[in-house]
Amino acid sequence: MKVKGFLAFCKKAYKNSYLKVGMVIAILAIVGFSTVGQYGLTTDEPTELAMVRRNYELITKGQPIPGDLKYFGTVFNVTSEIIFQISQYIKNGGRYDPTQYQTAANDDYLKLKNIYDRIQIKHPLTFLVSLITYISVAGLVGILAGWEFAWLAPVVLALFPRFWGHSFFNPKDIPFGGNIHFVYAIRSLFG
């Protein structure tokens, strides 16, 4: 008797469009967060990580940030660096001093370890932001084509290898993708 009740619940739940979207997003999140550690380092990530430190040094010295670095995705990189610094304070307590990076700058192993430690925070954060894109695309398709088709949009987007791969390490395009699709969805809903 309980099996029939559970099957009836599943059948009813499957007809609910929002629940289907939620299940797809949950599956994407489970798969993504379980594989995020398998994605390596990109060629521009050390530059992006160092950009935060360079900009910090320029600001504390009262110097202007150069034009080529001023708008190069600093908000996301600073956010991931702040989360990294907080995690280091929690992990190391009072022994952690974020200003003592000169030793690591001269040691290749420490440089790579610092980069590795930071991408252990940055990559999951990037994937978390990409989930906003999946949700927004589902919302946009739901608004434009009907909510019964909304669950298919994140599946199709995840099947694009470039988007799926960049969901783990690209802090410039993925937040932009999430925000632009969110704006389109809101615009379509209210405009």
Side-chain angles (χ1 to χ4, degrees), residues 25 28-29 31-137 139 157 160-187:
I25 297 299
L28 289 173
V31 171
F33 283 120
S34 66
T35 61
V36 72
Q38 304 302 315
Y39 288 81
L41 183 68
T42 63
T43 55
D44 62 346
E45 278 184 300
T47 303
E48 290 172 359
L49 295 170
M51 177 184 53
V52 175
R53 181 182 42 81
R54 282 195 298 264
N55 285 350
Y56 173 77
E57 289 172 349
L58 290 171
I59 290 168
T60 56
K61 292 177 184 174
Q63 297 174 348
I65 297 173
D68 61 336
L69 295 179
K70 190 179 269 188
Y71 303 108
F72 190 74
T74 55
V75 171
F76 188 83
N77 288 323
V78 168
T79 303
S80 62
E81 182 66 21
I82 289 170
I83 293 170
F84 171 76
Q85 295 296 335
I86 290 170
S87 71
Q88 291 302 304
Y89 276 115
I90 292 169
K91 181 179 169 185
N92 299 316
R95 299 171 303 175
Y96 180 68
D97 184 4
T99 61
Q100 298 301 317
Y101 52 82
Q102 294 302 329
T103 308
N106 298 321
D107 184 341
D108 287 339
Y109 171 77
L110 288 177
K111 264 195 273 190
L112 291 175
K113 181 166 179 358
N114 282 339
I115 291 169
Y116 175 79
D117 290 345
R118 281 172 168 78
I119 66 171
Q120 295 307 307
I121 300 287
K122 187 178 175 197
H123 287 186
L125 182 63
T126 305
F127 184 72
L128 182 66
V129 171
S130 79
L131 289 176
I132 295 169
T133 306
Y134 290 113
I135 293 167
S136 299
V137 167
L157 185 59
F160 283 97
R162 180 164 284 174
F163 188 84
W164 179 256
H166 281 246
S167 292
F168 296 100
F169 61 81
N170 192 333
K172 297 178 295 296
D173 300 335
I174 296 305
F176 175 76
N179 289 331
I180 197 72
H181 282 92
F182 179 73
V183 168
Y184 284 152
I186 296 299
R187 175 76 172 108

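Remember, predicted model here, so these are calculated numbers, not experimental data. Throughout, residue positions are numbered sequentially from 1 according to the sequence presented.
The distance from the CG atom of Leu125 to the CD1 atom of Ile82 is 11.0 Å, given to the nearest 0.5 Å. For the atom pair Gln120 CD and Ser80 OG, the distance stands at 12.5 Å (nearest 0.5 Å). To the nearest 0.5 Å, atom CG of residue Leu157 and atom OG of residue Ser167 are 7.0 Å apart. To the nearest 0.5 angstrom, Asn114 atom CG is 8.5 Å from Gln88 atom CD. Taking CZ of Phe160 as the start and NE2 of His166 as the end, the distance is 13.5 Å to the nearest 0.5 Å.
The heavy-atom pair separating His123 from Phe169 by the smallest distance is NE2-CB, 3.5 Å. The two residues Ile121 and Ser87 come nearest to each other via the heavy atoms CD1-OG, 4.0 Å. The minimum heavy-atom distance between Pro124 and Val36, with the atom names listed, is N-CG2, 3.8 Å. Closest approach of Leu49 to Ile115, counting heavy atoms only: CD1-CG2, 3.9 Å.
Glu45 places a side-chain N or O within donor-acceptor distance of the main-chain N or O of Thr42, the cut-off being under 3.5 Å.
Within the 4.5 Å cutoff, the side chain of Tyr116 has no heavy atoms near those of the Leu41 side chain. Side-chain contact between Asp117 and Phe84: present, with at least one pair of heavy atoms (C-beta onward) separated by less than 4.5 Å.
Around the CZ atom of Phe33, the shell of radius 6.0 Å holds more than 12 heavy atoms that belong to other residues, nucleotides or ligands.
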CA sep, side-chain torsions, deciding dist, call: Asn77, Lys122, side chain to side chain contact (heavy atoms under 4.5 Å, CB included): CA-CA 8 Å; Asn77 288 323; Lys122 187 178 175 197; 3.4 Å; yes

Intermediate values then yes/no, ring-ring contact (aromatic ring centres under 6.0 Å, His included), Tyr134 and Phe163: CA-CA 10 Å; Tyr134 290 113; Phe163 188 84; 5.5 Å; yes

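In this pair, Phe127 and Trp164 present their aromatic rings perpendicular. The plane angle is above 60°, beyond the 30 to 60° band.
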